[in-house]
Asks: 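Handing you this structure, nothing more for now.
For ligands, and for the atoms within them, numbers begin at 1 and follow the listed sequence.
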Amino acid sequence: MIIRRYIKSDIDEITKLARNLHVNYTFDLNEFSSCLVCTENDCIIGFITYFILYEKAEIIDIYVKMEYRKKKIGTKLIKKVIDECYKKDCENITLEVDINNQAALDFYYSFDFKIVARRQHYYNNGMDDAYVMEKKLR
Ligand SMILES: CC(C)(COP(=O)(O)OP(=O)(O)OC[C@H]1O[C@@H](n2cnc3c(N)ncnc32)[C@H](O)[C@@H]1OP(=O)(O)O)[C@@H](O)C(=O)NCCC(=O)NCCS
């Protein structure tokens, strides 16, 4: 299992996985954002997208293939991002998560993310709310 920064030829596979999260997903990173992938036998089994904008960092998406969940792959991906954010002296990392996504909430709690706000009608055509979570780094 290898964790590495994405390369251009990964984009189709990342997009396929990400469409499980957002039906119309398109891979669209800018100069501040990036993506790490986890591969096994040259297949992508998980990824994380995020941006670091000076002192602010945000996790955009994290996804691990169903059959590889609960094997600490998400942990390895998010830890790399957290380390990078510490190195770049970010103040905090934020993210948004569906309030009904208990697995993701428990995952983020385990890295000391805390709920700081609730956005109404954020997901699922306005059916579901999101929590904004924050991990303070300093
Ligand atoms: C959230 C997600 C990335 C976690 O990845 P993962 O590789 O399965 O997580 P890990 O094995 O590293 O789990 C680390 C910790 O998170 C928590 N956790 C992870 N999955 C959990 C679950 N299904 N239920 C409860 N807690 C969970 C646990 O505390 C776990 O530690 P433990 O295994 O010692 O109990 C994965 O479930 C996923 O891809 N979900 C679908 C996509 C998604 O919802 N992304 C987040 C959108 S905001």
Side-chain angles (χ1 to χ4, degrees):
M1 207 187 65
I2 295 168
I3 301 221
R4 59 166 174 77
R5 208 156 287 277
Y6 86 103
I7 52 175
K8 224 173 160 191
S9 59
D10 295 327
I11 292 176
D12 281 354
E13 225 174 317
I14 295 168
T15 301
K16 213 179 281 171
L17 295 182
R19 291 219 167 132
N20 294 305
L21 289 173
H22 316 284
V23 272
N24 296 318
Y25 183 89
T26 48
F27 190 85
D28 181 24
L29 297 186
N30 61 30
E31 65 201 284
F32 298 108
S33 47
S34 192
C35 174
L36 303 179
V37 294
C38 177
T39 66
E40 191 174 71
N41 304 323
D42 290 335
C43 284
I44 296 176
I45 57 173
F47 74 88
I48 185 165
T49 49
Y50 61 100
F51 69 75
I52 297 178
L53 189 62
Y54 305 99
E55 76 284 5
K56 301 277 176 210
E58 184 164 329
I59 292 172
I60 306 167
D61 284 309
I62 180 167
Y63 184 85
V64 175
K65 265 185 161 176
M66 192 79 88
E67 60 272 34
Y68 290 95
R69 289 186 193 163
K70 292 285 275 173
K71 295 178 193 295
K72 304 286 181 195
I73 291 168
T75 296
K76 289 191 175 78
L77 287 165
I78 202 169
K79 275 191 168 168
K80 285 250 183 207
V81 172
I82 292 170
D83 284 353
E84 186 178 336
C85 292
Y86 271 119
K87 281 190 191 128
K88 293 188 170 160
D89 205 22
C90 294
E91 264 174 19
N92 63 2
I93 308 175
T94 56
L95 57 87
E96 279 130 14
V97 56
D98 188 321
I99 65 162
N100 303 303
N101 190 348
Q102 197 57 49
L105 284 166
D106 286 343
F107 175 74
Y108 295 130
Y109 287 140
S110 75
F111 296 98
D112 231 17
F113 281 84
K114 308 251 189 308
I115 293 170
V116 292
R118 180 169 174 148
R119 297 206 204 289
Q120 308 273 341
H121 313 298
Y122 191 76
Y123 289 115
N124 205 4
N125 283 329
M127 303 264 286
D128 296 316
D129 293 358
Y131 286 133
V132 180
M133 298 184 89
E134 176 190 38
K135 176 181 172 65
K136 286 191 189 297
L137 302 181
R138 55 178 153 106

Asks: Which pairs would a plain distance check flag for residues 35-44, meaning a side-chain donor or acceptor within less than 3.5 Å of a matching protein atom at least two apart in sequence or in another chain?
Replies:
from : atom 1 : to  : atom 2 : distance (Å)
E40  : OE1    : Y68 : OH     : 3.2

Asks: Anything with a heavy atom under 4.0 Å from ligand 1 counts, so go ahead and list those protein residues by chain and number.
Replies: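 For ligand 1, the contacting residues are L21, I62, Y63, V64, R69, K70, K71, K72, I73, G74, T75, E96, V97, N101, A103, A104, D106, F107, Y108, S110.
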Asks: Taking the six-membered ring of Y63 as reference, does the NZ or CZ atom of R69 fall below 6.0 Å from its centre and within a 45° cone about the axis?
Replies: yes
Asks: For D112, is there an ion pair with K114 - N to carboxylate O distance below 4.0 angstrom?
Replies: yes
Asks: For R119 and V132, indicate whether the former's side chain and the latter's backbone hold a donor-acceptor pair under 3.5 Å.
Replies: no
Asks: For N92, which residues count as a side chain to side chain donor-acceptor pair (under 3.5 Å) partner, sequence neighbours excluded?
Replies: E134
Asks: Please list all pairs meeting side-chain hydrogen bond (donor to acceptor under 3.5 Å, both in side chains) that have one or both residues in residues 70-83, counting only residues at least two apart or in different chains.
Replies: none
